[in-house]
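Both ligands and their constituent atoms are indexed starting at 1 by order of listing. Along the sequence shown, residues carry numbers from 1. Everything numeric here is computed off the predicted structure, so don't read it as measured data.
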Amino acid sequence: MSAEETTALSLRYRPLNAQPSTPNSLKTKPSSAWSVAKSEEHYGFKRWGSGHISVDSEGFVNVQPLIDGRGIRVLDVVNEAVGMGLKAPLVIRFQDLLRYRVTQLNAMFNKAIKEERYKASYRGVFPIKVNQLREVVDEIVAAGKDFNFGLEAGSKPELMIALAMHEGAQRLIICNGYKDHDYIRLALLGRKLGKKIIIVVEQLSELDDIIRISAETGVKPMIGFRAKLQTRGEGRWATSTGDNAKFGLNTAEILFAIEKLRAAKLTQSLRLVHFHIGSQVPNILTIKNAVVEATRFYCQLAKMGFPMGYLDVGGGLGIDYDGSRTNFDSSMNYSMEEYARDVVFNIREVCRASDVPEPDIVSESGRAIVAPHSLLVVEVFERINKRESLGHQHQPDEKHKVVVDLESMLKNKGKLGRLERFHDALQKKEEAFSLFNLGYLDLENRAAAESLFWQICEQIAKEGRKTGYQPEELHDLDKLLADQYVCNFSVFQSLLDHWALKQLFPVAPLHRLNEKPTVNAILVDITCDSDGKISSFIDLQDVKDYITLHPLNKKPYYLGVFLTGAYQDIMGDLHNLFGRVNEVHVFLEDDEPNGFYIEEALSGSRIADVIEGVQYQQEDLCRKMKVQIDAATKRDQVKPREGVRLLELYESQMLNKTYLNIEPKSGRKKKA
Ligand SMILES: *Cc1c(COP(=O)(O)O)cnc(C)c1O
């Protein structure tokens, strides 16, 4: 076992109730000497950035798409996009980074193949469902040219894309997912054009269809079997394998399928064994076990005399979203290099032991290729501060005893410990609420009690931050006291997995990293859903309940949500009818003043677009409004001139973007 492996294993179990996790830099005495290095450590750029993300000496986040010293200031891209009318929320795609990841994955497999003296090749495919955007698929196909990197489709629309975008006779197309007759006909069309297109049988009934349609059309298919492995996944997609998995053939079904192939005289068509144990597999041991089990299937089939030739290890290669290198759900305890080596090594071992020639290795790594290439930029436009809104200390004319008690608690810290004071304050707050419910406390006194309670909490939390150690109960105080930073975006559109699966993404300011962050906050979006927020953040241990950010000033404050290129930026829904966000595609360019150029700018959804998506017609709505305004004018409720203006307002909004149009605050310089 390598040294690397040992550390990975010893990190396997992260302590559940680990020490409160204020970063060391914040724990020590607040020093005026904040530095960009401290920011780098605080937000963990190096841990999860895989070498692509850094902070420059002026406190701006830089992306190095190729890790060759050429960095792009993300804020430069944001400013250029704003100049083009594309404000945040904004997706930025670094196309060179996409290319880098394709190259890296292939290089890692080729390195492992060479080092392990493996006797066949790597033939990776990109699963289109992970990011279907044309520019993304285009870039991957182009970057994969020298490696014969192919495509994977999981549905008819994706197969339509794969067939047309795919080029080169050696590159594979793998067809997964449920298939109807048309799906199979499309795949055979590809065969007819000479493409290496393999139909993976997920259900026995599909095989009957394939056999029949192949006979009808006279086209010989290439067929794969998806095996239902017993190896259990780990992580969020653990149920993708095992007896109850949705896809795949169990052992009896595989034997049955073999008989069908023999009867149809299609034994020469069976070429591949496939498995997929779920996405974001956090533990390398799961992958090793699954590879061994699937290779056994492969070898058995090869020994029965089928031509075979390909073993497909599916997806699952993870992304270390929190940078902890553990088997925590949002992390992974292995590297891409280790993954490639383990896949190659284990296939070789089983094949040698069974005396079966080694197959070409197919992997369907989607997340690992696309996640790092894009980031979401959101603008914070409001800070909601619980204590401030409550803090305008109400001075009731007649102070109730409970208020007087709380006041003296705040003033006389005495010798009581923090925890004891916290309990006392809690008790008084409860008392105040019961008194209010029973009619013994008026509104003024209730407001005073609430406000005093929060002030005491703040006092206790402040002392705690100085001493470092926090008992569990008091640790929650920081969460309770955290401010809300309101950001112009929708979690449901742009970070669906954070909402649905509690997946963590790294979040950090894109600028001001030479200033010390001092405000603990959670992020809330602009949907009217209370779930529309980010209130769990990456941390080396466990998960953090808040993020420490900079106080807002009069200038725009931008945050980046990183590693969002897989599944997120393409999958969003229309909750509250916030549609697609603005988007720019960035390329490195040495001749440009800022080292980049924007090749493509996609404008986000307009209000007319999203409402037409739910069956309203723009003209129809405008007509209905006109009728109402005309009627109001007749009733003299509005003046004719005003009526015209109201209708203009309504009509012009149709062509506006769905997200908030954040006006520069007074004091901000207006762009000419
Ligand atoms: C989703 C999926 C993938 C992609 O998985 P990643 O973990 O994103 O690499 C690959 N193969 C199949 C069959 C899938 O369903």
Side-chain angles (χ1 to χ4, degrees), residues 98 101-102 104-106 108-109 122-133 136-137 140 144 149-159 162 172-179 183 198-203 206 224-229 233-241 245-249 272-284 286-287 290-291 294 310-321 329-332 334 336 339-340 343 361-374 496-497 500-501 503 505 563-571:
L98 200 49
R101 294 294 287 190
V102 174
Q104 198 183 20
L105 180 68
N106 280 281
M108 291 304 162
F109 267 101
Y122 173 66
R123 287 278 178 269
V125 291
F126 173 68
I128 294 179
K129 75 152 191 263
V130 187
N131 198 319
Q132 301 97 336
L133 192 75
V136 170
V137 174
I140 292 171
F149 200 69
L151 294 169
E152 186 262 6
S155 67
K156 251 188 300 189
E158 287 178 5
L159 180 56
L172 293 174
I173 297 180
I174 303 283
C175 299
N176 290 320
Y178 289 107
K179 300 165 199 75
Y183 189 129
I198 302 182
I199 308 177
V200 176
V201 177
E202 315 243 17
Q203 313 282 319
E206 284 173 13
F225 287 164
R226 176 164 180 170
K228 220 176 235 182
L229 298 188
E234 215 180 287
R236 295 201 172 84
W237 285 269
T239 49
S240 303
T241 57
K246 202 167 121 184
F247 294 113
L249 307 176
L272 172 144
V273 167
H274 171 266
F275 72 89
H276 175 64
I277 47 173
S279 201
Q280 184 66 19
V281 176
N283 194 344
I284 189 71
T286 317
I287 289 165
V291 167
Y310 299 97
L311 178 59
D312 183 345
V313 299
L317 173 55
I319 285 284
D320 194 355
Y321 291 95
D329 282 355
S330 293
S331 184
M332 59 201 268
Y334 55 95
M336 187 190 269
Y339 172 86
V343 168
I361 299 173
V362 182
S363 88
E364 304 171 345
S365 308
R367 180 188 300 273
I369 287 181
V370 293
H373 91 283
S374 86
L496 202 56
D497 282 351
L501 300 162
Q503 150 104 54
F505 294 92
L563 305 176
T564 53
Y567 303 103
Q568 308 312 300
D569 62 30
I570 199 76
M571 206 160 72

Are there any N/O pairs under 3.5 Å between ligand 1 and the protein, and if so, what are their distances?
from, atom 1, to, atom 2, distance (Å)
ligand 1, 7 (O), Ser279, OG, 2.6
ligand 1, 7 (O), Gly316, N, 2.9
ligand 1, 8 (O), Ser279, OG, 3.4
ligand 1, 8 (O), Arg367, N, 3.0
ligand 1, 8 (O), Tyr567, OH, 2.7
ligand 1, 9 (O), Gly316, N, 3.4
ligand 1, 9 (O), Glu364, O, 3.3
ligand 1, 9 (O), Gly366, N, 2.7
ligand 1, 11 (N), Glu364, OE1, 2.5
ligand 1, 15 (O), Lys129, NZ, 2.6

If you round to the nearest 0.5 Å, how far is [atom2] of [Y] from [atom1] of [X]?
| X | Y | atom1 | atom2 | answer |
| --- | --- | --- | --- | --- |
| Gln104 | Met336 | CD | CE | 4.5 Å |
| Leu317 | Ser363 | CG | OG | 7.0 Å |
| Lys156 | Cys175 | NZ | SG | 13.0 Å |

**Item:** Any side-chain donor near an acceptor of the partner, Gln280 and Asp329, under 3.5 Å
**Value:** no
**Fill in**
Tested for side chain to side chain contact (heavy atoms under 4.5 Å, CB included) against Phe126, the lone hit among Val102, Leu151, Ile174 is Leu151
**Prompt:** Is any side-chain heavy atom of Lys129 less than 4.5 Å from a side-chain heavy atom of Tyr567?
**Reply:** yes
